[in-house]
Structures are given as C-alpha cells and as structure tokens.
Amino acid sequence: MLTARRRATATAVILSGSLLLTSCGGSDSGSSDGKTLRLWHYEGPDSAMGIAWKEAIKEFQATHPGVQVKFEEKSFDQIQKTAPMVLNSSDAPDIMEYNKGNATAGLLSKQGLLTDLTQEAAKRGWDKKLSPSVRTTSLYDTNGVMGSGKWFGVPNYAEYTLVYYNKDLFKRYGVAEPKTLAELTAAMDKFVEKGVTPLANGGAAYPAQQYLYQLALTKADRAWVDAYQLYKGKTDFHDAAWTHGADTFADWVEKGYFSKSSSGQNDEAAGVSFTSGKAPILFSGSWWYGRFTAENKFDWGTFLWPDSKLTLGSGGNLWVVPQGSKNKDLAYDFIDITMSKKIQNLLGNSGGVPVAADASAITDPRSKTLIDDFNTLSRNDGLAFYPDWPVPGFYDVLVSATQKLITGSEKPDEYLSDLQEAYDKGAPKQ
C-alpha cells in the first residue's frame with residue numbers, strides 16, 4: 001500500500017561510532033570491500049521504525065567492528081519513483097526499505113532487480129518468525145504476484161488500520177463510545193446533530209479509499225480478498241461487497257459524516273484534523289500511532305473496525321537486498337538484527353507493531369492494545385492488504401474516482417465501473 005506517511009527530506013549520514021554528515025553517493029558508492037554497508041530507508045527519526053533501526057545500526061556496528069554504515073534517508077516518493085532506475089545502476093545500495101505488493105516489490109522481483117532471500121530466510125529463521133498473513137508480502141512468483149514463490153523481502157514490523165477516537169470530544173458532546181457498527185453510526189449521527197463532522201478524511205490521498213475498502217470488507221470473506229489481491233478467482237466490482245462499500249460511502253457523504261471539502265485534502269490534513277482536536281474520529285493506519293502519542297493533547301483511544309472479521313493490513317514495508325548489492329552478507333546480518341528480540345521489543349515500546357517481540361516486554365498500555373489487536377487479526381487471518389495493491393497505477397485511479405464520489409460528480413455504479421475497467425486492464429489474464 002502507498003502508506004504515504006510523512007517522509008523527511010533526503011539526508012545522508014555515515015555512522016561509525018558517531019554520526020557524521022557526508023554527501024550522498026560518492027566515489028565509494030560501489031565499494032565491495034566488506035567494510036561498508038549502504039542503507040536506505042524512509043522512516044522519520046521519531047517514528048517507531050526510525051527509533052528501532054537507529055538502535056539496530058548501533059548493534060550492527062558493535063558486532064561488526066571496522067564496518068561503516070552509510071545511511072541515506074530518502075523520501076517515500078523518492079524511492080517509489082526512482083527504485084527501478086537506481087537498482088538497475090551501479091549506485092544501488094546494499095539494503096533498502098521498499099513498499100510491498102504486486103505493483104512494487106513484486107514488479108522489481110519480476111524484473112530481476114531484487115536478491116532471492118529464500119535460503120537466508122530458512123537459514124536465519126525469518127520464515128518461522130512471520131505469521132502466514134504477514135509472510136504473504138515477502139513471497140513473489142515469477143509473475144511478481146505475492147503470496148507464493150521465492151522470498152524477495154523481509155518485514156520486521158506490521159501495520160493495520162484501526163479507529164482512532166477523541167475520548168474528550170465524545171464526553172463533551174455526550175456521545176457513547178461505540179462497540180458495534182450500529183453504535184458507531186449512531187455516534188456519528190449525534191456528532192452531525194451537534195454540528196461536528198465526525199470523520200477525518202483525505203480524498204486526495206489514501207484515507208478515503210481505505211474507508212470505502214473497509215466498508216466493502218464488512219461484507220467480504222477471505223476468498224473475496226484472495227480473488228481481488230491474488231487473482232485467485234474473478235473480481236466483480238458490482239458484487240455485493242463492493243456495491244455495499246460504494247453505496248454506504250456515498251450515503252455517509254450525504255449524511256455529513258465526511259466533509260465534501262475533504263475531496264481535496266491529503267492524508268496529512270486528515271491526520272492534523274484529528275491531532276488538532278477538530279475531528280472526533282479517524283480510521284487509518286497504525287503508522288499514525290507514534291505521532292499521535294507525541295502530539296495529541298487530549299485523551300484518546302483505539303478500537304478495531306466493529307462487526308468486521310477483515311481489515312486493511314499486512315506485514316510492513318520490506319527490507320530488500322538489491323541484486324546489485326556489493327555487500328549482501330552484511331545486508332543479511334542487518335536484517336537479522338532488526339528481527340532480534342531487543343530491536344523488536346524497542347519497536348513495540350516505541351509505538352510500532354513488531355512481528356517477533358516478547359509480549360511481556362511491551363510495557364506501554366496503549367502499545368499493548370495496539371499489538372494485541374494486531375495479534376488478534378493475524379491469528380484470525382484478518383489482514384486484507386490494501387485496495388491499491390493489485391495492479392500498477394491503481395492507487396491514482398482510486399484517488400481520482402473516490403474524489404468524484406465525495407463531490408457527487410459520479411454515482412456509485414459509475415465509480416465501480418471505473419474501478420472494474422482499470423483493474424481488468426492491469427490484472428493478469430486468467
């Protein structure tokens with residue numbers, strides 16, 4: 001999924017005991033002397049992943065004396081847009097974070113730009129640490145379709161969507177905290193009566209399409225998800241689930257649950273409307289959790305989308321080793337460190353969702369809830385991935401079409417036909 005979290009501008013640092021500023025690339029970018037590990041990722045320094053991986057770099061240096069880690073922080077869009085070109089050049093890093101799914105990591109694996117990690121995954125036990133639903137995005141077949149085939153990436157965290165709600169606003173307006181979908185709908189009706197738009201939304205980015213996909217998922221099952229995401233069957237966008245999602249979303253716009261002006265807002269605007277205390281509810285990903293912990297000045301909580309066995313989620317973005325990596329063994333060692341209990345526990349206590357933490361080591365109450373809810377989803381095979389994953393370019397199609405649904409310039413039936421046309425054009429022929 002295009003998580004589109006806020007990404008810092010590109011910086012570069014060499015880590016060798018202390019942090020020293022340096023320029024990106026340079027004459028040593030192609031070094032293969034086993035003394036330099038070139039690492040790219042796009043997590044902010046205050047995010048759970050950024051905190052954990054900074055510690056992992058320290059751990060790596062302690063266990064690899066004489067090896068220099070050259071870390072370059074890229075933006076999400078930088079890597080997303082330039083990865084095929086960079087990985088097909090002599091400037092490829094030794095290890096990098098990359099977006100998972102058919103249209104991203106799957107495409108690179110199909111193009112021969114990623115290293116097959118199957119042997120290392122078995123040797124180092126990564127395959128045993130990841131649950132089947134999390135492991136899905138690590139494996140890609142010869143067509144670049146996830147779920148089977150060889151290992152081309154390793155996630156050391158997971159992510160999923162959940163409902164964030166402002167407890168103080170619920171109390172101020174006398175709204176009961178919902179436990180069911182009917183109660184959630186009643187709560188939103190009450191907020192509308194009080195002149196408050198209940199749902200933070202961003203039609204110009206991923207939030208809006210994720211609301212609609214979740215509404216569809218309430219009427220879906222695993223076979224439906226596998227048909228849509230893994231091409232294990234025919235996907236009909238006019239079926240009961242998709243129709244329910246589109247019709248309900250349009251109805252919620254008319255009822256005032258979403259602001260029509262949200263069609264032009266991005267994910268950042270949606271997040272800020274929640275952190276500022278304006279919107280009482282935001283349905284979005286666990287990737288917001290650390291930021292909300294730092295910025296929210298009110299009492300807040302989370303819960304899974306009610307009355308649904310499925311929600312959006314997967315293993316996190318992947319550590320991949322470019323085929324052109326000059327120091328693959330060092331890259332494997334670094335991945336192994338990020339999968340260790342020490343780093344996993346740190347990630348969990350920093351607001352992330354670890355995949356191999358010691359549950360008793362997670363001490364923060366909200367973090368425990370976050371991780372427990374994920375474990376519940378994972379055990380019940382409840383992760384349904386993200387709506388933009390199946391075919392290349394589908395994210396932009398979903399953004400544009402869902403914006404039209406918000407503004408009312410397109411009806412649900414037209415919306416679903418647009419999605420069907422784009423999906424059929426990009427999906428493998430069956």
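None of these values were measured; they are calculated from a predicted model. Computed over heavy atoms, backbone and side chain alike; hydrogens, waters and symmetry mates excluded. Positions are given from 1 along the sequence.
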Salt bridge (charged side-chain N to carboxylate O under 4.0 Å, His left out) involving Asp333 - partner list, sequence neighbours excluded:
Arg124

Sequence neighbours excluded, the answer for salt bridge (charged side-chain N to carboxylate O under 4.0 Å, His left out) partners of Asp236 is none

[X] with [Y]: basic N within carboxylate O range, under 4.0 Å:
| X | Y | result |
| --- | --- | --- |
| Glu159 | Lys100 | yes |
| Asp381 | Arg222 | yes |
| Asp91 | Arg38 | yes |

Less than 3.5 Å apart, any donor N or O on the side chain of Tyr42 or Asn317 sitting next to an acceptor on the other?
yes

Given Tyr206, which of Tyr213, Trp288, Phe283, Trp287 fulfils the ring pair (Phe, Tyr, Trp, His ring centres under 6.0 Å) condition?
Trp287

With Trp319 as partner, the option from Phe152, Tyr332, Trp53 fulfilling ring pair (Phe, Tyr, Trp, His ring centres under 6.0 Å) is Trp53

Trp40 six-ring face occupied by Lys74 cation (under 6.0 Å, within 45°):
yes

Keeping Ser325 on the side-chain end and Val321 on the backbone end, is there a donor-acceptor pair under 3.5 Å?
no

Would you find a donor on one side and an acceptor on the other, under 3.5 Å apart, between the side chain of Gln265 and the backbone of Ala204?
no

Pairs flagged by side-chain hydrogen bond (donor to acceptor under 3.5 Å, both in side chains) wherever residues 352-371 is involved - sequence neighbours left out
Tyr289-Asp364, Asn349-Thr363, Asp358-Ser360, Asp364-Ser367

Does the side chain of Pro322 reach to within under 4.5 Å of the side chain of Met96, using non-hydrogen atoms?
yes

